[in-house]
Amino acid sequence: MSGGFTFVFKGEKGEKKLMEKMRKTYDRMDMLENARDEARACLQQAAERAIKKAELPKPNTEDGKLPDFVVEVPGDASHGDLAANLALVSAKAFGLPPRKIAEAIAAQADTRGMFKKVEVAGPGFLNLFYDDAFFGSIVICACVTGEDYGRTNVGGGEKVNVEFVSANPTGPMHLGNARGGALGDCLAEALAWAGYDVSREFYINDAGNQIAKFGLSLAVRYLQIVRGEENVPFPEDGYQGDDIRERAGEFYDIHGDAFAGKPQEELERALIDYALPRNISDIKEHLARYRIGYDVWFSESALHQSGAVDAVVQKLAEKGATYEKDGAVWYKATEHGGDKDEVLVRANGVPTYFAADIAYHADKFERGFARAIDVWGADHHGHVARMKGALDALGLDGSRLDIVLMQFVRLVRDGEPVRMSKRTGKAITLTDLLEEVPVDSARFFFNMREPGSQIEFDLGLAVAEDSDNPVYYVQYAHARICSILRTLEGEGITLDMPRAFGCANFPVADEERALIRRIAAFPGEVAAAAKGYDSARITRYLIEVATAFHKFYTNCRLKGEEEMLQQARLALCMATKHVIHNGLGMLKVDVPERM
RNA sequence: GCGCUGGUAGCUCAGCUGGAUAGAGUGACUGGCUACGAACCAGUAGGCCGGGGGUUCGAGUCCCUCCCAGCGCACCA
C-alpha cells in the first residue's frame with residue numbers, strides 16, 4: 001500500500017523542498033501500480049461496508065472472503081481510468097445479479113481523493129475515474145524524476161546475465177545477429193531500468209569443429225593462392241565466404257608461400273592464430289558501431305583449457321547421469337526430460353559443444369548470477385530442454401536459465417528472397433545492413449516485433465522507408481517538444497514547477513488526459529518488458545506516446561495561453577520529453593532536438 | 001513420425017493473469033497549415049480472430065482435435 005496520496009503542492013514553499021517531498025511520495029515511481037492498489041482497497045472496503053450495513057449478504061465462499069478480482073486499465077477511456085470486475089466474479093458468492101452488487105459497492109465507495117467517481121457500467125463493471133489532481137500528480141512525478149522516470153525496483157537488484165549475439169567468429173555477422181543484438185541489448189537495458197543488476201555477455205565459440213573447419217578452409221584458400229585455384233579442390237563443407245579468401249590473402253601478403261611446404265596442421269594453426277583474433281576484433285568493432293557493448297567476452301576455449309569442461313563431465317558422471325557406449329560418453333538426457341541421450345565426449349576423446357555449453361552455463365551460476373538469459377536463434381530450440389535438464393542434473397536449478405528464442409529474419413530484396421546461409425557466401429552481413437539502413441531504424445525495427453515472430457526485412461523497402469519509419473514518428477514528437485521549448489524560451493517563458501502545479505484547472509482537454517495516461521503507464525511498461533523478456537513492448541509503447549502527444553499538440557496550445565495553464569502544459573510537454581528520451585535511450589536510438 | 005514457434009483487416013502486427021461494440025500502423029479513398037514544426041492530425045472503407053468440438057455468466061485468450069507455414073530431431077555448433 002502506498003499510504004495514500006497527499007496533494008499539498010499548492011501551499012508548498014520553495015521548489016527544492018517540493019522536489020524532495022515529491023521524490024519521497026513517489027518513491028515507488030510506478031504511480032499506476034499505486035493507483036491500482038488504491039482502487040482495489042477502495043472497492044474491497046466498500047464491499048465490506050456494504051456487507052456490514054446489510055446492503056449485501058455475507059459472501060457464500062469457502063473462507064467467507066470476497067473472491068479475487070482484477071483491476072485493469074480499460075482500452076476505452078469512456079470506461080474509466082481503472083476498471084474492476086469485482087461484482088462480476090462475486091455474482092455466485094452473493095447470489096445476486098452483478099449489476100446489483102456493483103451498485104451496492106459503488107454506493108459505499110470512499111474515493112480517497114484519488115478518484116473523481118466510481119461508475120457502474122456494462123454487465124457490472126466498476127469503473128473508476130481519476131481526480132484531476134491525480135492526473136496532475138502524474139505529470140509532476142515524471143517531471144521531478146526526469147531522466148530516472150520509468151525506473152522501478154521490481155528486479156530487486158537480482159544479478160542477471162544476458163547473453164546475446166555470440167556470433168560465430170569464423171565469419172562476419174548476419175541478419176540474425178543484427179536482430180539478436182538489437183533485442184538482447186534492449187532487453188538488457190529494460191532489465192536494468194526495472195532494477196536488475198545486469199551483465200551483458202558474448203560467448204566466443206573459439207573452439208570445436210567449426211574452428212577446425214575454419215582452419216581447413218583458410219588453408220585451402222591459401223594453397224589455392226600459392227598453387228592456383230584449379231589445382232587445389234575446395235572441400236564440400238568448407239566455409240565458402242569471401243571473408244575466408246580475404247583472410248588467406250592477407251596471410252599470404254605477409255608470409256608469401258613460406259607456409260606452403262609446412263605440414264597441414266601447422267599451416268592451419270598459423271592461419272587460425274592469424275585470422276581468429278582479427279575476426280573477433282571485427283565483431284567487436286561492428287557491434288560497437290551498432291551501439292552494442294559487453295561487460296564480458298567469454299571464451300569457449302578458456303573453458304577447455306582450464307579443465308572446466310572435463311570437470312563438468314566428471315561431475316555428471318559422479319551424479320550417475322552418464323554412461324559409455326561405442327567409446328563415447330553419453331549424457332542420460334532421457335532421464336531429465338529429453339527425447340534422447342546426448343554425446344558429451346566423442347569416441348575420439350574430444351568433448352562436444354553440448355558439454356562445453358553445460359560447463360559454460362554452470363560457470364555463469366558459479367559467478368553468482370541468480371538468472372541467466374540467453375537470446376538464441378529458433379534453430380537452437382531443441383537445445384533448450386536438454387540444457388536446462390543438464391543443469392538440473394548438476395544440481396543447479398535449470399529453471400534459472402531462460403532462453404529467448406528468436407525466429408529468423410527472412411531477407412528479401414525487391415520481392416526476391418535472399419539466401420542467408422553462411423556457406424553460400426552471399427549472406428547479407430550486419431555491416432552491409434548498416435551501410436544501407438541507419439542504426440536508429442535497424443534497432444527500432446528489430447525491436448518492433450516479438451522475438452517469436454518471424455519477420456521479413458525488405459532491403460529495398462528499408463532504404464526507401466526513411467520518412468515512413470515509425471522511429472521518425474517518435475523522434476519527431478521529441479523534436480516538436482524541443483521546438484516548443486525553444487519558442488517559449490525565446491519569449492522568456494520557462495517551466496516553473498510550483499507554478500505549473502498550482503494550476504487549478506488541469507487537465508482540461510481529453511487529449512491531455514489521454515497523454516497523461518500513457519505517461520503514467522511508462523514504469524509498468526518497462527517492468528513488463530523486462531519481466532516478459534519482450535522489448536517490443538517499449539517500441540509499441542513509444543509509438544503510443546508519440547501518437548498521444550501529436551494529438552495533444554494539434555488540439556492544445558501553449559503559446560499565447562493563460563499563464564497557469566501554459567505552465568501546466570509546459571510540464572506535460574516536459575514529462576513527455578522525459579518519457580521519449582528515456583524510452584528511446586533504452587533502445588539506444590538517437591533523441592534529436594531537431595530533425 | 002515426434003517436438004518447438006506461429007496462423008487476428010489487402011499487407012505488417014497488438015490484444016496484459018479469460019471480460020464491456022476485436023485494436024494500431026500501412027495501403028486505398030476524403031478532408032485539415034494566415035497560430036508553438038503537415039516527418040502531423042481528423043474521417044471513410046476493410047474481420048466466420050486457420051477449421052471443428054468443449055469448459056462458463058462470458059473465449060482471439062483456457063482444453064481437445066484437425067489443417068497450414070517456418071524451424072528442429074548428428075559422436076555439427
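Below, read A as the first sequence line, B as the second, and so on, with proteins coming before strands; counting in each chain starts at 1.
- Applying the ring pair (Phe, Tyr, Trp, His ring centres under 6.0 Å) criterion to A/F552, with sequence neighbours excluded, gives A/F549.
- Pairs engaging residues 66-105 of chain A under the ring pair (Phe, Tyr, Trp, His ring centres under 6.0 Å) rule: none recorded [sequence neighbours left out].
- Contact check, A/R480 against B/A38: a side-chain N or O comes under 4.0 Å of OP1 or OP2.
- Judged as a side-chain hydrogen bond (donor to acceptor under 3.5 Å, both in side chains), and not counting sequence neighbours, A/R557 has no contacts.
- As rounded to whole Å, 13 Å separates atom P of B/C40 from atom CD1 of A/I580.
- Remark: A/A548 engages A/L515, A/R518 in a side-chain contact (heavy atoms from CB on, under 4.5 Å) (not counting sequence neighbours).
- Remark: A/S535 pairs with A/L183, A/C186, A/N447 by the side-chain contact (heavy atoms from CB on, under 4.5 Å) rule, at least two apart or across chains.
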Would you tabulate the nitrogen or oxygen pairs shorter than 3.5 Å linking the protein to nucleotides 55-63 of chain B?
residue, atom, partner, partner atom, Å
B/C57, OP1, A/K92, NZ, 3.0

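- Using P as the reference atom, B/A24 and B/G43 are 10 Å apart when rounded to the nearest Å.
- A/V384 pairs by the side-chain contact (heavy atoms from CB on, under 4.5 Å) definition with A/W376, A/K388, A/I403, A/L405, not counting sequence neighbours.
- The gap from the C1' atom of B/C71 to that of B/C75 amounts to 23 Å, rounded to the nearest Å.
- Taking atom C1' on both nucleotides, B/G47 is separated from B/G15 by 15 Å, rounded to a whole Å.
- For A/Y473, a side-chain nitrogen or oxygen approaches OP1 or OP2 of B/C41 to under 4.0 Å.
- Between the CZ atom of A/R537 and the C1' atom of B/G15 there is a distance of 10 Å, rounded to whole Å.
- Taking a 6.0 Å sphere around CZ of A/R499, one finds it holds 12 or fewer heavy atoms contributed by other residues, nucleotides or ligands.
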Short heteroatom pairs, N/O only, protein and nucleotides 20-24 of chain B, under 3.5 Å:
residue, atom, partner, partner atom, Å
B/A20, N6, A/N127, OD1, 2.8
B/A20, N1, A/N127, OD1, 3.3
B/A20, N1, A/N127, ND2, 3.0
B/U21, O4, A/D76, OD2, 3.0

Protein-nucleic acid N or O pairs under 3.5 Å, nucleotides 68-72 of chain B:
residue, atom, partner, partner atom, Å
B/C71, O2, A/H381, NE2, 3.2

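- A/K100 is linked by a side-chain hydrogen bond (donor to acceptor under 3.5 Å, both in side chains) to nothing, counting only residues two or more places apart in sequence or in another chain.
- Taking atom C1' on both nucleotides, B/C33 is separated from B/A69 by 47 Å, rounded to a whole Å.
- Between the CD atom of A/E163 and the C1' atom of B/A77 there is a distance of 13 Å, given to the nearest Å.
- Under the side-chain contact (heavy atoms from CB on, under 4.5 Å) criterion, A/V350 pairs with A/R346, A/N348, sequence neighbours left out.
- At the phosphate of B/A39, OP1 or OP2 sits under 4.0 Å from a side-chain N or O atom of A/Y476.
- Checked against side-chain hydrogen bond (donor to acceptor under 3.5 Å, both in side chains), A/Y476 has the following partners two or more places apart in sequence or in another chain: A/R480.
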